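The block underneath contains the structure these notes are about, expressed in structure tokens.
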Amino acid sequence: MKWTQSFIRTLREAPREAEAASHKLMLRAGLVRRLSAGLYTYLPLGLRVIRKVEDIVRQEMNKKWAQELLMPTLQPREIWEQSGRWDDKELGMLKLKNREEREFVLGPTHEEIITDLVSKEVRSYKELPLNLYQIQTKFRDEMRPRFGMIRAREFIMKDAYSFDVDEGSARKSYQDMSEAYSNIFRRCGLKTQVVEADPGAMGGSKSEEFIALADTGEDIIVSCPQCPYAANLESAGRGEEEPGKSQEKIKPLEEIETPNIKTIKELKDFLGERPEKMIKTLIYSADGKTVAALISGNEEISEVKLRKNLKCENLQMADEKLIEEVTGGPLGFSGPVGLKKIKIIADGGVTKIINGITGANKKDKHIKNVNIGRDYSPDEVADISYVREGDKCPKCEGALAMRRGIEVGHIFNLGRRYSQSLGAKFLDEKGQERPAIMGCYGIGITRTVAAIIEQNHDENGIMWPMSISPYQVHIILLNVNSTETVEVADNLYKQLTREGVEVILDDRDERAGVKFNDADLIGIPLRLTISPKRVAEKKVEIKRRRDGKEFLVDIEQAVEKLEELIQEGG
RNA sequence: CGGGGCGUGGCGCAGUCUGGUUUAGCGCACUUGACUGGGGGUCAAGGGGUCAGCGGUUCAAAUCCGCUCGCCCCGACCA
């Protein structure tokens with residue numbers, strides 16, 4: 001491609017709306033343009049990268065015997081009612097009606113559609129296992145799209161779905177995908193970490209996220225420096241701490257006046273006590289049952305961990321009415337003392353609080369010197385708070401560390417949830433009908449591109465890994481008025497193209513500085529500079545974007561040298 | 001959805017507080033010409049704006065008031 005004939009548009013300055021490095025660079029290098037919040041046009045240069053990532057994904061999926069298909073984006077309401085997810089709040093479904101008032105959703109994911117398909121097509125265990133995938137545009141009506149490609153309303157995703165006859169086979173399918181994902185991200189030049197995660201809206205038993213480490217990432221991952229343990233913040237666990245021996249003497253219970261003091265912060269300011277002394281009491285409704293969760297005032301509850309502990313599907317904070325009903329006191333004054341009607345589950349940290357402060361279940365009253373065992377007894381002690389930096393690893397003695405990252409892939413073992421509700425059943429060897437065991441596996445393609453940039457850029461621009469770079473070689477022609485130089489550039493361009501090398505030739509009548517800066521910005525791994533000065537010596541220059549290493553070679557050797565560098569991966 | 005900020009040629013901004021001094025300005029980009037030619041060069045001449053939209057106040061509105069829309073950031077939520 002010659003620059004003067006291409007639709008490459010670079011920007012000297014980033015639009016003000018862009019914050020993240022990848023977002024700024026994608027706009028500046030002319031990979032994408034914004035249409036509206038979270039909606040982007042992929043320009044030719046950006047699309048080339050997307051296609052390369054997709055190709056890697058296809059190759060690795062096909063290696064695991066997954067087969068590609070393509071499903072509709074517009075999906076009728078009925079099928080989502082069957083799976084029970086029509087009213088799901090977590091998926092951010094964009095719903096719409098046609099002229100006949102029929103309701104549809106723009107697919108945020110495709111479990112329903114694939115399961116319906118398989119239920120109609122698969123009859124026998126002999127047809128399993130099966131893994132089907134697609135690469136397609138997904139819609140999520142994000143409340144707040146941000147960071148450009150990292151959280152968009154419309155994005156390209158690869159989603160795969162596996163169907164197996166039994167748990168053993170399903171484990172193999174899951175393992176295959178895990179391997180495929182590692183290969184895909186490695187080939188894209190991304191450093192990822194696999195973490196334990198919460199299946200959330202997808203349901204199912206096991207799930208892991210592939211996180212690309214990046215400071216601008218939205219996800220916080222917790223990992224142990226001494227063992228392989230890693231999890232996302234929501235579901236990370238901690239090891240049991242040694243019970244600290246406190247010298248503090250247990251004091252008698254005392255009711256105190258706390259007019260209109262409802263939050264831990266207000267209580268801290270009012271009493272001058274440390275939050276560590278306070279027992280936060282949160283009332284939840286879990287699948288219809290009411291429970292009280294106790295957390296130390298300086299900790300935050302992880303609803304993911306609580307839900308996991310309670311083994312419930314639907315977990316919501318109780319409203320004021322329910323709180324009054326079960327505690328006898330208004331919102332903001334709940335406490336475990338005297339709570340009889342409901343299950344009490346205490347975070348591990350709470351059990352260490354001696355002479356604690358908590359709500360009295362009466363308006364404008366708290367009680368102090370509350371002690372476990374004497375004043376209240378939780379039905380269960382569990383780990384339900386967010387871990388913090390330095391907490392003990394649940395698997396070893398290490399101290400947990402935290403890092404930020406971007407979730408680029410997520411794999412789930414779904415079990416029978418969808419196959420049951422949507423009737424994806426088969427006949428086993430004994431002629432018995434059984435629902436298939438499913439797994440689903442997603443990769444955010446566009447987000448992966450953003451993550452690659454987050455991990456591969458410097459102050460001047462992008463540094464594409466060779467495997468997904470839009471072009472492999474960027475020829476810079478200095479001085480378009482020198483006939484001889486132009487001739488050399490044209491010849492090399494033709495030769496390289498003939499050899500199958502993807503090359504872009506900057507043939508604009510621009511100053512050297514402009515061309516060099518644009519080359520750094522769009523980040524092609526190898527730069528070939530052809531100038532009158534060097535041509536006079538029968539030489540050309542090759543420079544590697546990644547480390548700035550330069551090679552001065554004879555014109556006749558340029559193609560060979562470039563091919564060698566491409567083989568090395570730029 | 002809560003809090004904050006912003007909206008002025010393609011991009012980045014000034015002007016708004018204190019209405020009139022501006023025919024709405026600057027840098028970059030763009031067009032034409034000349035010079036120049038190894039890290040965003042110089043000179044000259046140009047094109048491009050319903051000052052987000054609607055309504056109001058006023059002799060007079062980019063500027064004051066009201067409403068609406070859009071965008072960004074923090075939070076909540078989240079494949």
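Since this is a predicted model, take the numbers as computed values, not measurements. First the proteins, then the strands, lettered A, B, ... as listed; each starts at 1. Both backbone and side-chain heavy atoms feed into the values below; hydrogens, waters and symmetry mates do not.
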*asked:* Under 4.0 Å, counting only non-hydrogen atoms across every strand here, what does A:A14 touch: a base, just sugar-phosphate, or nothing?
replied: sugar-phosphate
*Would you indicate which nucleotide in B:rC71, B:rC78, B:rG37 comes nearest to any side-chain atom of A:R151?*
B:rC78
*Charged N to carboxylate O under 4.0 angstrom, A:D490 versus A:K2?*
yes
_Does A:R9 reach a base, just sugar-phosphate, or nothing at all? Heavy atoms under 4.0 Å._
nothing
*Could I get the full list of salt bridge (Lys or Arg N to Asp or Glu O under 4.0 Å) partners for A:E112, not counting sequence neighbours?*
A:R85
*Rounded to whole angstroms, how far apart are CG on A:L233 and P on B:rC77?*
12 Å
_Nearest listed nucleotide, side chain of A:P15, among B:rG12, B:rC30, B:rA79_ = B:rG12
_Donor-acceptor under 3.5 Å (A:W3 side chain, A:I476 main chain)_ = no
*Is there a side-chain polar atom (N or O) of A:S482 under 4.0 Å from OP1 or OP2 of B:rG37?*
no
*When we call it a touch if two heavy atoms are under 4.0 Å apart, what does A:D159 touch: a base, just sugar-phosphate, or nothing?*
nothing
_Looking only at the side chain of A:A37 (C-beta and beyond, no hydrogens), which of the listed nucleotides B:rC30, B:rC72, B:rA79 gets closest?_
B:rC72
*asked:* If you only use heavy atoms from C-beta on, which nucleotide in B:rC74, B:rG37, B:rG39 is closest to the side chain of A:K543?
replied: B:rG39
*asked:* Expressed as a whole number of angstroms, how long is the span from A:H23:NE2 to B:rC11:P?
replied: 13 Å
*asked:* Of the listed nucleotides (B:rC11, B:rC77, B:rA79), which one gets closest to any side-chain atom of A:R447?
replied: B:rA79
*asked:* Does A:E541 reach a base, just sugar-phosphate, or nothing at all? Heavy atoms under 4.0 Å.
replied: base
*Spacing between A:L27 atom CG and B:rG10 atom P, to the nearest angstrom*: 17 Å
*Could you give the distance from CD1 (A:I156) to OH (A:Y40), rounded to the nearest 0.5 Å?*
14.0 Å
*For the atom pair CD1 (A:I79) and OG (A:S421), what is the distance rounded to the nearest 0.5 Å?*
9.5 Å
*Whole-Å distance separating the CG atom of A:D88 from the C1' atom of B:rC78*: 11 Å
*Listed nucleotide nearest any side-chain atom of A:R34, set B:rC73, B:rC11, B:rC71*: B:rC71
Nucleotide N/O to protein N/O under 3.5 Å, stretch nucleotides 3-5 of chain B:
none

*Supply the atom-to-atom distance A:N413 CG to A:E208 CD, rounded to the nearest 0.5 angstrom.*
10.5 Å
*asked:* Return the CG to CG distance between A:L74 and A:L106, rounded to the nearest 0.5 Å.
replied: 6.0 Å
*When you measure from every atom of RNA chain B, which of residues 70-77 of chain A have a heavy atom less than 4.0 Å away?*
none
*asked:* Tell me if a side-chain donor or acceptor on A:R546 pairs with a main-chain N or O of A:M463 at a distance below 3.5 Å.
replied: yes
*Indicate whether OP1 or OP2 belonging to B:rC74 is found under 4.0 Å from a side-chain N or O atom of A:R144.*
yes
_Distance in angstrom units between A:H410 NE2 and B:rC78 C1', rounded_ = 12 Å
Just the atom pairs and distances: protein N or O near nucleotides 6-8 of chain B's N or O, under 3.5 Å.
{"from": "B:rC6", "atom 1": "O2'", "to": "A:R16", "atom 2": "NH1", "distance (Å)": "3.0"}
{"from": "B:rC6", "atom 1": "O2'", "to": "A:R16", "atom 2": "NH2", "distance (Å)": "3.2"}

*What is the nucleic acid contact for A:E218, judged by heavy atoms within less than 4.0 Å: base, sugar-phosphate only, or nothing?*
nothing
*asked:* As a test of reading the structure: which of B:rC77, B:rG37, B:rG39 is closest to the side chain of A:M143, going by heavy atoms?
replied: B:rC77
*Considering only the C1' atoms, how many Å lie between B:rG27 and B:rG41, rounded to the nearest integer?*
16 Å
*Rounded to the nearest angstrom, tell me the gap between atom CD1 in A:I150 and atom C1' in B:rC72.*
15 Å
*Separation of A:E142 atom CD from B:rC72 atom C1', in whole Å?*
16 Å
*How long is the line joining CG of A:L477 and P of B:rG39, in whole Å?*
16 Å
*Charged N to carboxylate O below 4.0 Å: is that the case for A:R388 and A:E299?*
yes
Under 3.5 Å, which protein N or O atoms sit close to an N or O of nucleotides 40-42 of chain B? Give each pair with its distance.
{"from": "B:rG40", "atom 1": "O2'", "to": "A:R12", "atom 2": "NH1", "distance (Å)": "3.4"}
{"from": "B:rG40", "atom 1": "O2'", "to": "A:R12", "atom 2": "NH2", "distance (Å)": "2.5"}
{"from": "B:rG40", "atom 1": "N7", "to": "A:N517", "atom 2": "ND2", "distance (Å)": "3.3"}
{"from": "B:rG41", "atom 1": "N9", "to": "A:R511", "atom 2": "NE", "distance (Å)": "3.4"}
{"from": "B:rG41", "atom 1": "N7", "to": "A:R511", "atom 2": "NE", "distance (Å)": "2.9"}

*So what does A:D509 hit on the nucleic acid, given a heavy-atom distance under 4.0 Å: a base, only sugar-phosphate, or nothing?*
base
*Can you tell me, in whole Å, how much space there is between the P of B:rG53 and that of B:rA62?*
11 Å
*Does any N or O in the side chain of A:R153 come within less than 3.5 Å of the main-chain N or O of A:E142, such that one atom is a donor and the other an acceptor?*
yes
*Which part of the nucleic acid does A:E17 contact within heavy-atom distance under 4.0 Å: base, sugar-phosphate only, or nothing?*
sugar-phosphate
_Which residues pass the side-chain contact (heavy atoms from CB on, under 4.5 Å) test with A:K262, not counting sequence neighbours?_
A:N260, A:E266, A:F333
